[in-house]
Number of protein chains: 2
Amino acid sequence: MQFYQQQLKEKGLKTTYQRLKILDYLDTHRTHPSVEIIYEDIKSENPSFSKTTIYNTIETLKAHGLISTLTITGSEVRCDYKTDMHHHFYCRSCNRIFDVDLEQPLQPGSGLQGYAIDEMHSYFIGTCPACLKKK
Amino acid sequence: MQFYQQQLKEKGLKTTYQRLKILDYLDTHRTHPSVEIIYEDIKSENPSFSKTTIYNTIETLKAHGLISTLTITGSEVRCDYKTDMHHHFYCRSCNRIFDVDLEQPLQPGSGLQGYAIDEMHSYFIGTCPACLKKK
DNA sequence: TATAAATTTGTATTTATTACAATCTAATCC
DNA sequence: GGATTAGATTGTAATAAATACAAATTTATA
């Protein structure tokens with residue numbers, strides 16, 4: 001928790017129990033959880049936690065580069081503690097998102113001159129190995 | 001319209017006025033429109049067009065590979081007549097999506113062995129040249 | 001032209017997200 | 001340390017996108 005506190009301070013953000021809790025949750029749950037999942041999990045220990053706080057905090061933490069978000073499922077935002085560029089695979093069957101490694105990671109090229117880039121995303125959609133086996 | 005009809009036939013889909021109209025709309029509006037935009041535009045000429053039909057048709061056409069969809073704005077699905085792999089830039093300021101060219105297009109690598117891939121997406125989020133100029 | 005299967009339509013519902021005002025809390029100053 | 005204040009949290013209400021569903025309509029085939 002010491003580290004999260006330092007991160008918040010560096011960004012000029014107030015230290016709050018909720019922010020620390022959400023950072024800790026995302027750090028220890030690298031499963032690209034939705035707001036709903038985060039909410040259910042945290043609420044079970046801490047019933048006063050509000051879902052709005054999760055939306056607010058996600059937005060704040062993201063705006064300051066402490067976390068990132070994915071919109072690849074098409075139905076809800078998924079959160080990621082990692083902020084470095086990496087690739088994802090979304091399995092439509094089990095609804096999970098996997099980190100995947102590629103030989104040639106995406107790079108902005110000359111085709112993007114003149115654009116100010118805030119985020120880069122690359123991902124695949126399909127069926128994961130585990131779900132393929134089941135069929 | 002002849003061509004769209006042929007495309008539908010090849011995929012074993014019934015020819016309907018609505019499907020032809022939506023295909024034609026997307027072909028002539030390469031602006032990655034949302035369902036809402038498509039609906040408003042088509043409805044103005046054709047008041048009986050239903051929004052549900054657009055959702056249904058988008059899903060059907062996509063399932064048969066005649067169009068593709070993007071979830072990069074995080075708030076609504078955007079449609080694309082093009083189905084070949086290409087890259088996008090989403091401008092948060094004007095809400096437009098641009099096609100962009102990269103030197104190194106994304107390729108599934110060995111890190112994806114065992115996965116069945118249906119879709120590949122790469123995109124950037126930020127501010128487009130026109131919006132940068134305004135500021 | 002009659003028929004069956006598929007499609008369209010409109011409405012109702014669900015689900016994710018945002019707006020907002022009241023309450024509460026963390027950081028700062030004395 | 002205690003008061004102050006800006007900022008954060010909470011809960012509820014509202015919005016917006018997408019889905020479910022059943023009735024009406026249309027397409028393709030015989």
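Every chain is numbered from 1, with letters handed out A, B, ... down the list of sequences.
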At under 4.0 Å between heavy atoms, which parts of nucleotides 16-22 of chain C does protein reach? Answer with one letter per nucleotide, 5' to 3': B base, S sugar-phosphate only, - none.
SBBBB--
Under 4.0 Å protein heavy-atom contact, by nucleotide of nucleotides 24-30 of chain C - B base, S sugar-phosphate only:
--BS---
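At the heavy-atom level, A/Thr60 lies nowhere under 4.0 Å from the strands shown. Within 4.0 Å (heavy atoms only), A/Ser34 reaches no atom of the nucleic acid at all.
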Would you sketch DNA chain C in dot-bracket for me? Only Watson-Crick or G-U wobble pairs with both distances under 3.5 Å count, crossing pairs as [ ], other-strand pairs as |, the rest as dots.
||||||||||||||||||||||||||||||
Output side-chain donor-acceptor pairs under 3.5 Å for residues 115-125 of chain A, partner residues at least two apart or in another chain, one line each.
unit_1	atom_1	unit_2	atom_2	d
A/Glu119	OE1	A/His121	NE2	2.7
A/Glu119	OE2	A/Lys62	NZ	3.1
A/Glu119	OE2	B/Arg92	NH2	2.8
A/Ser122	OG	B/Ser122	OG	2.5

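At least one side-chain heavy atom of A/Asp27 sits less than 4.5 Å from a side-chain heavy atom of A/Arg30. Inter-residue side-chain proximity for B/Pro33 and B/Tyr25 is flagged as met; some heavy-atom pair is nearer than 4.5 Å.
Side chains of A/Asp99 and A/His88: a donor-acceptor N/O pair is present below 3.5 angstrom, by distance only. Residues B/His86 and B/Asp101 bring no donor and acceptor atom of their side chains to less than 3.5 Å of each other.
Residues satisfying the ring pair (Phe, Tyr, Trp, His ring centres under 6.0 Å) criterion with B/Phe49, sequence neighbours excluded, are absent altogether. Residues satisfying the ring pair (Phe, Tyr, Trp, His ring centres under 6.0 Å) criterion with A/Tyr4, sequence neighbours excluded, are absent altogether. Every residue two or more places apart in sequence or in another chain was checked for a salt bridge (charged side-chain N to carboxylate O under 4.0 Å, His left out) with B/Glu10, and none qualifies. Among residues two or more places apart in sequence or in another chain, the salt bridge (charged side-chain N to carboxylate O under 4.0 Å, His left out) test is passed with A/Arg19 by none. For A/Lys9, there are no salt bridge (charged side-chain N to carboxylate O under 4.0 Å, His left out) partners, not counting sequence neighbours. Residues forming a side-chain contact (heavy atoms from CB on, under 4.5 Å) with A/Gln107 (at least two apart in sequence, or on another chain): B/Gln104. Judged as a salt bridge (charged side-chain N to carboxylate O under 4.0 Å, His left out), and not counting sequence neighbours, A/Asp41 has no contacts.
Protein chain B contacts DNA chain D from D/dA17 to D/dA28, reading 5' to 3' and using non-hydrogen atoms of the protein with a distance under 4.0 Å.
Of the charged side-chain nitrogens involved, at least one lies within less than 4.0 Å of a carboxylate oxygen, so that B/Arg78 and B/Glu76 count as a salt-bridged pair.
Between the CD1 atom of B/Ile38 and the C1' atom of C/dT8 there is a distance of 17 Å, given to the nearest Å.
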